[in-house]
Amino acid sequence: MRPTPLTEQELLSRAHELAGFTLDELAVQAGMITPPDLRRDKGWVGQLLEWHLGASAGSKPVPDFIELGIELKTIPISYTGKPLETTFVCVAPLMGLQGVTWENSHIRHKLARVLWVPVEGERDIPLGDRRVGSPLLWSPSADEEQRLRHDWEELMDMIVLGQVEAITARHGEVLQLRPKAANGKALTEAYGANGQIIKTRPRGFYLKTSFTAELLTRAFLL
DNA sequence: GCCTGATCATTA
DNA sequence: TAATGATCAGGC
């Protein structure tokens, strides 16, 4: 991959340089082969952008740009510029929750500073022909953080009370809790309704498309 | 299994 | 057609 950017400005300007290129063009530069589609390569676009931007973390549980504390997120965009998918943030802790607060939560740190890179995502555009858009370096506004915190506290309360299996994607205005695993057979431990420990599918926190649409729109209007 | 990168595919 | 629940690949 390219050298890791040393400053926020360097990272942002490098991201701006990618705007307008197709994924095929970026793949050639990276020495990668564009897959026919994303059915078996769901993370390919993210990995391609990681290469171009010099993300350092790889698959480690730390920010993509460790030194800068910045997380990289590619986001598939429709013809009208709206996100086509929810955005996975991180796995939800289901055990060992004593002392966990919004302030010290994994998700809050993950979302503290995010470099959003929109990429055309309509399925009728061949993968290699999709173009990269203009990047956005984002931190939650006070209002956005308040809404995130509200949903997070509601969801975590249910988890602590042993109600994880009663949570659906409909809970939360901006943040969802949904299964996150290789398949339905993956199981992890969680609190049960009667204080016992149960086995359940691992869950992840996802940002709803309406929320990420707002972010992109707000930045575009400014 | 957990974590990274996410999108797929079917339903409501 | 948007949203939900399910799933794919790779490294450790």
Side-chain angles (χ1 to χ4, degrees), chain A residues 1 4 15 23 26-27 30 32-66 69-96 105-107 109-111 114-128 130 132 151 155 164-190 197-214:
Chain A
M1 67 177 79
T4 297
L23 298 186
L26 296 182
M32 294 181 182
I33 302 297
T34 305
D37 55 60
L38 295 176
R39 275 182 297 184
R40 308 197 71 82
D41 298 87
K42 298 185 180 183
W44 183 78
V45 177
Q47 288 162 4
L48 177 63
L49 271 294
E50 281 182 352
W51 185 95
H52 279 275
L53 295 174
S56 51
S59 63
K60 296 189 290 294
V62 293
D64 297 300
F65 302 94
I66 306 172
I70 295 174
E71 188 73 18
L72 172 65
K73 291 288 183 195
T74 61
I75 185 166
I77 297 297
S78 73
Y79 290 119
T80 58
K82 289 169 50 176
L84 285 165
E85 297 284 348
T86 55
T87 301
F88 171 70
V89 183
C90 62
V91 170
L94 302 181
M95 295 288 288
S105 66
H106 191 22
I107 186 170
H109 292 296
K110 274 259 180 184
L111 294 177
V114 179
L115 180 66
W116 298 99
V117 180
V119 177
E120 289 178 335
E122 294 285 3
R123 294 199 198 174
D124 61 5
I125 307 177
L127 183 57
R130 298 181 190 176
V132 174
D151 286 349
L155 293 167
V164 63
E165 300 202 304
I167 297 174
T168 75
R170 295 166 197 78
H171 288 84
E173 300 295 325
V174 297
L175 199 63
Q176 295 174 316
L177 192 78
R178 302 196 341 245
K180 163 65 174 173
N183 55 60
K185 297 186 184 75
L187 293 175
T188 190
E189 293 185 336
I197 290 174
I198 62 171
K199 286 283 193 176
T200 191
R201 282 132 67 235
R203 304 301 207 279
F205 287 116
Y206 294 78
L207 298 176
K208 298 184 71 168
T209 54
S210 54
F211 184 73
T212 49
E214 250 182 70

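Computed over heavy atoms, backbone and side chain alike; hydrogens, waters and symmetry mates excluded. A note on names: the letters A, B, ... follow the listed sequences, proteins ahead of strands, and every chain is numbered from 1. It should be emphasised that the depicted structure is a prediction, and the values quoted were computed from it without experimental measurement.
Using a 4.0 Å cut-off, some side-chain N or O of A/Lys110 falls inside it from OP1 or OP2 of B/dT4. Side-chain nitrogen and oxygen atoms of A/Gln176 include at least one within less than 4.0 Å of the OP1 or OP2 phosphate oxygen of C/dT4.
A/Leu127 is listed as a side-chain neighbour of A/Val45, based on a closest heavy-atom distance under 4.5 Å.
Looking at the side chain of A/Thr209, the nearest of the listed nucleotides C/dA3, C/dT4, B/dA6 is C/dA3. Picking from B/dC8, B/dG5, C/dG5 the nucleotide with the shortest atom distance to the side chain of A/Glu71 gives B/dG5. Closest to the side chain of A/Ala186, out of C/dT7, B/dG5, B/dG1, is B/dG1. Comparing C/dG5, B/dG5, B/dT7 by their closest approach to the side chain of A/Tyr206 singles out B/dT7. For A/Phe88, whose side chain is taken as the heavy atoms from C-beta onward, the closest listed nucleotide among B/dA6, B/dT7, C/dT7 is B/dA6. The listed nucleotides are B/dC2, B/dT7, C/dA9; the one nearest the side chain of A/Arg40 is C/dA9. You'll find that the side chain of A/Thr188 is closest to B/dC2, out of B/dC2, B/dA6, B/dC8.
In this structure, A/Lys208 reaches neither bases nor backbone, as no heavy-atom distance under 4.0 Å exists between it and the strands shown. Residue A/Arg203 is out of contact with every strand shown, counting any heavy-atom pair closer than 4.0 Å. Nucleic acid contact class of A/Thr86 (heavy atoms, under 4.0 Å, all strands): base. Within the 4.0 angstrom heavy-atom criterion, base atoms lie near A/Glu85. Heavy atoms of A/Leu187 sit under 4.0 angstrom from primed sugar atoms or phosphate atoms, though from no base atom. Within 4.0 Å of A/Gly46, counting heavy atoms only, lie sugar-phosphate atoms of the nucleic acid but no base atom. When heavy atoms are screened at a 4.0 angstrom cut-off, A/Arg178 is found touching base atoms of the nucleic acid.
Other residues, nucleotides and ligands contribute more than 12 heavy atoms inside 6.0 Å of the CG atom of A/Leu187.
Distance, A/Phe205 CZ to B/dC3 C1': 15 Å, rounded to whole Å. Rounded to whole Å, atom C1' of B/dT4 lies 9 Å from atom NZ of A/Lys73. Nucleotide C/dA3 holds its P atom 14 Å from the CG atom of A/Leu207, rounded to whole Å. At whole-Å resolution of the value, NZ in A/Lys42 and C1' in C/dG11 are 19 Å apart. Per the geometry, CG belonging to A/Leu48 stands 11 Å off P belonging to B/dA6, to the nearest Å.
The residue among A/Gly43 and A/Ala169 whose nearest nucleotide of DNA chain C is located toward the 5' end is A/Ala169. Nearer the 5' end of DNA chain B, as judged by each residue's closest nucleotide, is the contact made by A/Glu189, out of A/Arg170 and A/Glu189. Nearer the 5' end of DNA chain B, as judged by each residue's closest nucleotide, is the contact made by A/Cys90, out of A/Cys90 and A/Asp37.
Side-chain N or O atoms of A/Asp151 include one that pairs as donor or acceptor with a backbone N or O of A/Leu175 at under 3.5 Å. A donor-acceptor pair is defined here as one N or O able to donate and one able to accept, closer than 3.5 Å; such a pair exists between the side chain of A/Arg130 and the backbone of A/Ile125.
On a pure distance criterion of 3.5 Å, a polar donor-acceptor pair joins the side chain of A/Lys180 and the base of B/dG5.
A search for side-chain hydrogen bond (donor to acceptor under 3.5 Å, both in side chains) contacts involving A/Ser78 returns A/Thr80, not counting sequence neighbours.
The structure places CZ of A/Phe205 at 13.0 Å from NZ of A/Lys110, a figure rounded to the nearest 0.5 Å.
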